[in-house]
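Take a look at the structure set out below.
Numbered from 1 within each chain, the chains take letters A, B, ... in sequence-line order.
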Number of protein chains: 2
Amino acid sequence: MRIGELARRAGVSVRSLRYYEEQGLLESERSSSGQRHYPEAAVDRVILLQRLYAGGLSSRTIGEVLPCVDRPSADTSEAAFEMMVGERDRLSAHIEDLLRTRDMLDDLIATNRRHNATLEAGSTG
Amino acid sequence: MRIGELARRAGVSVRSLRYYEEQGLLESERSSSGQRHYPEAAVDRVILLQRLYAGGLSSRTIGEVLPCVDRPSADTSEAAFEMMVGERDRLSAHIEDLLRTRDMLDDLIATNRRHNATLEAGSTG
DNA sequence: CTTGCCTCTGACGTCAGTGTCAGGTTCTAG
DNA sequence: CTAGAACCTGACACTGACGTCAGAGGCAAG
């Protein structure tokens, strides 16, 4: 398929797909006229990339862990595997941090609800 | 206290504190010479700001929800309260997304471990 | 007064993924 | 052949919370 269809099916912009390729994260075959063509599997590939981006991994980092995705084997650079584990841990820590922030927001919300309820009860109407 | 001490105690840079003030998120009294002075409470204030930033709220958004923090009452703009609830929900969605990403990473890690174990078992040494 | 650290304002630099425009080529439908 | 959609490369714009530098003034200690 061509880049437009891939973009639609993966839910990203054409611009992003070109960027991913530029970063070495996504391959494409070129037709004689220079247009990019992708196999079906590219859709899942892009979705995978999106998910890694969503996890806060940078293009560089994604590039370094991709070997573990493409060729999960012992000869896959151990550094890539360590990197992946490190990113998982970083992500876990980040999630913990976000949970704390959410708890704080919940507290604030509860406090505000109480104040509202109190005042409404006091001045009925 | 002056800005340097506040920065140290809150664990942020002096630059950040000036930025927060510029964004209307942090007040300071000025000495006759123009230097900023802060009360003890400023430490917690800054930590609160950091936590909201950590939750992905922008300076603008933080500024809009702060009334709920400073004056939790029914006359606090209802918009501010709605904003806060909206941010909590956004944060929840974000956390869910990160959890999915972490699950994916865990799967990848498990897959790689299996491959490594298999190969090591095959070629003992 | 001097040394040295702290603070001031102002302004430009950074990062990173993506939007967007420009100018040109290619493909598809009629 | 032609109109128009899709594609190409290249490059600048943007966002946002800072880093960092410049040039100048403030303040405690000797």
inquiry  = I need the full list of ring pair (Phe, Tyr, Trp, His ring centres under 6.0 Å) pairs touching residues 28-49 of chain A, with sequence neighbours left out, sorted by first then second residue.
reply    = none
message = Considering only residues two or more places apart or on different chains, which pairs with a residue in residues 48-68 of chain A satisfy ring pair (Phe, Tyr, Trp, His ring centres under 6.0 Å)?
response = A:Tyr20-A:Tyr53
query = Contacts to DNA chain D from residues 90-103 of chain B, heavy-atom cutoff under 4.0 Å, which residues?
reply = none
Mind checking salt bridge (charged side-chain N to carboxylate O under 4.0 Å, His left out) for [X] and listing every partner two or more places apart, or none if nothing turns up?
| X | value |
| --- | --- |
| B:Arg102 | none |
| A:Arg100 | A:Asp97 |
| A:Glu21 | A:Arg30, A:Arg36 |
| B:Asp106 | A:Arg88 |

ask   = Does the B:Arg45 side chain pair with the main chain of B:Leu25, one donor and one acceptor, at a distance under 3.5 Å?
value =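 Between the backbone of B:Leu25 and the side chain of B:Arg45 there is a qualifying donor-acceptor contact (under 3.5 Å).
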ask   = Is any side-chain heavy atom of A:Thr61 less than 4.5 Å from a side-chain heavy atom of A:Glu64?
value =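 No, too far: nothing below the 4.5 Å cut-off.
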ask   = Under a 4.5 Å cut-off applied to non-hydrogen side-chain atoms, are B:Met104 and A:Leu52 in contact?
value = yes
inquiry  = Which residue is it: A:Leu48, A:Leu17, A:Leu66? I am looking for the one with a side-chain contact (heavy atoms from CB on, under 4.5 Å) to A:Leu26.
reply    = A:Leu17
ask   = Contact boundaries of DNA chain D with chain B (under 4.0 Å, heavy atoms), 5' to 3'?
value =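 Nucleotide range with atoms under 4.0 Å of chain B: D:dA17 to D:dC27.
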inquiry  = Can you list everything that forms a side chain to side chain donor-acceptor pair (under 3.5 Å) with A:Ser33? Sequence neighbours excluded, please.
reply    =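 By the side chain to side chain donor-acceptor pair (under 3.5 Å) rule, A:Ser33 matches A:Ser31.
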ask   = Relative to the 5' end of DNA chain C, which residue comes earlier, A:Tyr19 or A:Ser32, by the nucleotide with the nearest heavy atom?
value =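 Closest to the 5' end, via its nearest nucleotide, is A:Tyr19.
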ask   = Is there a residue in residues 47-60 of chain B whose heavy atoms reach under 4.0 Å of DNA chain C, and which residues are they?
value =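 Listed by number, there are none.
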key: Ionic contact status for B:Glu87 with B:Arg90, cut-off 4.0 Å   =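 Yes, charged N to carboxylate O under 4.0 Å.
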task = Answer yes or no: does atom CD of A:Glu27 have more than 12 heavy-atom neighbours from other residues, nucleotides or ligands under 6.0 Å?
result = no
Nucleic acid footprint by protein, nucleotides 3-9 of chain C - heavy-atom cut-off 4.0 Å, B for base, S for sugar-phosphate alone = ----SBB
task = Would you mind reading off the bend of the helix from C:dC1-D:dG30 to C:dG30-D:dC1 from its two end axes, five pairs each, to 10 degrees?
result = 10°
Nearest-0.5 Å distance, CZ of residue B:Arg51 to CG of residue B:Leu57 =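 That separation rounds to 12.0 Å.
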ask   = Please walk me through it: do A:Glu22 and A:Arg18 pass salt bridge (Lys or Arg N to Asp or Glu O under 4.0 Å)?
value = CA-CA 6 Å; A:Glu22 186 182 316; A:Arg18 295 202 189 103; over 6 Å; no
